[in-house]
Amino acid sequence: MSEHMTTTAFKEPVREASPGTPAREPRRRAGRLRRASLPYLLLLPALLLELLVHLVPMAIGIVMSFKELTQFYIRDWGTAPWPGLGNYKMSVDFDAPVGKALLHSFLAPVGFTLLSVALCWLIGTAAAIFMQDTFRGRGLLRALFLVPYALPVYAAVITWVFMFQHDNGLVNHVLHDQLHLTRKPSFWLIGDNSFYALLIVSVWKGWPFAFLIVTAGLQNIPKELYEAAALDGAGMRQQIRRITLPSLRPVNQVLVLVLFLWTFNDFNTPYVLFGKSAPEAADLISVHIYQASFVTWNFGTGSAMSVLLLLILLVVTGAYLLFTSRGRRAADV
């Protein structure tokens with residue numbers, strides 16, 4: 001009797017399921033669905049804005065490239081003739097004046113872009129490595145290094161326009177009047193010197209970005225590697241070659257690609273520096289497309305040139321990413 005009472009006393013009472021219990025599981029699923037969809041809902045305004053600002057004009061530009069859209073059809077461009085691939089054939093016909101000018105404006109920025117990207121990377125990397133050491137005034141010097149990158153493009157380039165003036169510019173005053181490196185004041189904004197003027201402004205404006213990215217990449221390199229290398233007798237050059245540059249390889253791959261795309265497509269710098277008609281030595285393809293579209297009022301041809309430029313950049317970017325990914329895999333193996 002007592003054993004029976006003891007066992008029954010410690011038995012847990014059986015709880016009957018309430019009528020509202022089965023409804024809790026759908027509520028939990030709905031809550032999980034809301035939490036999972038919340039990031040996408042927050043990204044939706046940015047995606048819609050990207051669609052309106054970039055993708056829709058890009059689609060309109062592609063449609064315009066198949067039309068003979070000139071100033072006569074600008075009010076109602078839907079009625080413009082449809083020549084099909086005629087604008088593309090005219091652009092790639094390198095024996096004709098339009099194609100020959102486009103080819104020159106494409107080859108000119110290739111050398112300019114390679115020099116600008118190389119100098120920006122070299123100066124930015126050297127400055128970032130130099131600023132790794134702690135010394136008095138390092139914070140102020142870092143802030144001064146970032147001034148060219150922080151300044152608005154138009155304000156910075158207009159300042160260089162005044163500095164490159166022939167008669168009263170600072171560049172000629174220093175090179176000719178003070179240092180006596182030239183026989184006479186040079187014309188920097190016309191002729192062959194315009195290439196060097198554009199290169200100087202581009203490097204001055206772009207190297208702080210490389211400095212900023214490389215500085216961020218250097219923060220991820222453990223200091224113990226440098227200490228161990230110093231104990232083994234490795235000098236600064238060996239440390240940079242064996243530790244710094246291999247560790248910065250992923251950062252440099254992205255940095256070089258971004259600098260290449262920015263420099264090759266740069267329109268603001270040559271436009272503010274030279275105006276609507278850039279000299280032949282500094283005739284970048286971005287300015288050439290602007291002239292073909294808004295100076296000659298041939299928007300169909302200008303749109304076709306823009307689409308061709310987009311395709312070329314996509315091919316170059318894909319080849320670069322494929323090459324760098326294979327190199328990274330080979331280095332890991």
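Only this structure's heavy atoms are used, side chains among them; waters, hydrogens and symmetry mates stay out.
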Note to self: Surrounding CZ of F267 (heavy atoms of other residues, nucleotides or ligands, distance under 6.0 Å), is the total greater than 12?
What the structure shows: yes

Show me the donor-acceptor pairs within less than 3.5 Å that the side chains of residues 298-305 make with the rest of the protein, sequence neighbours left out.
unit_1 : atom_1 : unit_2 : atom_2 : d
N298   : OD1    : T301   : N      : 3.4
N298   : OD1    : T301   : OG1    : 3.2
N298   : ND2    : T301   : OG1    : 3.2
S303   : OG     : F299   : O      : 2.8

Rounded to the nearest 0.5 angstrom, the CE-CG distance for M90 and L102 is 11.5 Å

Exercise for review: Tell me whether the centres of the aromatic rings in W207 and F145 are closer together than 6.0 Å.
Suggested key: yes

Parallel, tilted or perpendicular: which one describes the rings of F130 and F135, with boundaries at 30° and 60°? tilted

Below 30° counts as parallel, above 60° as perpendicular, anything between as tilted: where do the rings of W262 and F209 land? tilted

For I190, the hydrophobic cluster (side chain heavy atoms closer than 4.5 Å, chained through members) also holds F187

Which donor-acceptor pairs under 3.5 Å do side chains of residues 43-59 form with protein atoms, sequence neighbours excluded?
unit_1 : atom_1 : unit_2 : atom_2 : d
E50    : OE1    : H54    : ND1    : 3.4
E50    : OE2    : H54    : ND1    : 3.3

Under a side-chain separation threshold of 4.5 Å, the hydrophobic residues clustered together with V315 are none

Minimal heavy-atom distance between F211 and R142, with the atoms involved, is CZ-CG, 4.0 Å

### Message
Between F164 and Y196 (judged by ring centroids, cut-off 6.0 Å), do the two rings come close enough to count as a pair?
### Response
no

**Q.** Distance-only side-chain donor-acceptor flag, H176 / N172, under 3.5 Å
**A.** no

| said: Apply side-chain contact (heavy atoms from CB on, under 4.5 Å) to residues Y73 and K67 and explain how you reach the verdict. | reply: CA-CA 10 Å; Y73 302 98; K67 284 180 168 289; over 6 Å; no

The complete set of side-chain hydrogen bond (donor to acceptor under 3.5 Å, both in side chains) pairs with one or both residues in residues 84-103, sequence neighbours excluded, reads S65-Y88

Residue pairs passing the side-chain hydrogen bond (donor to acceptor under 3.5 Å, both in side chains) test with at least one member in residues 112-123, sequence neighbours excluded, are S116-S202, W121-T125, W121-N252

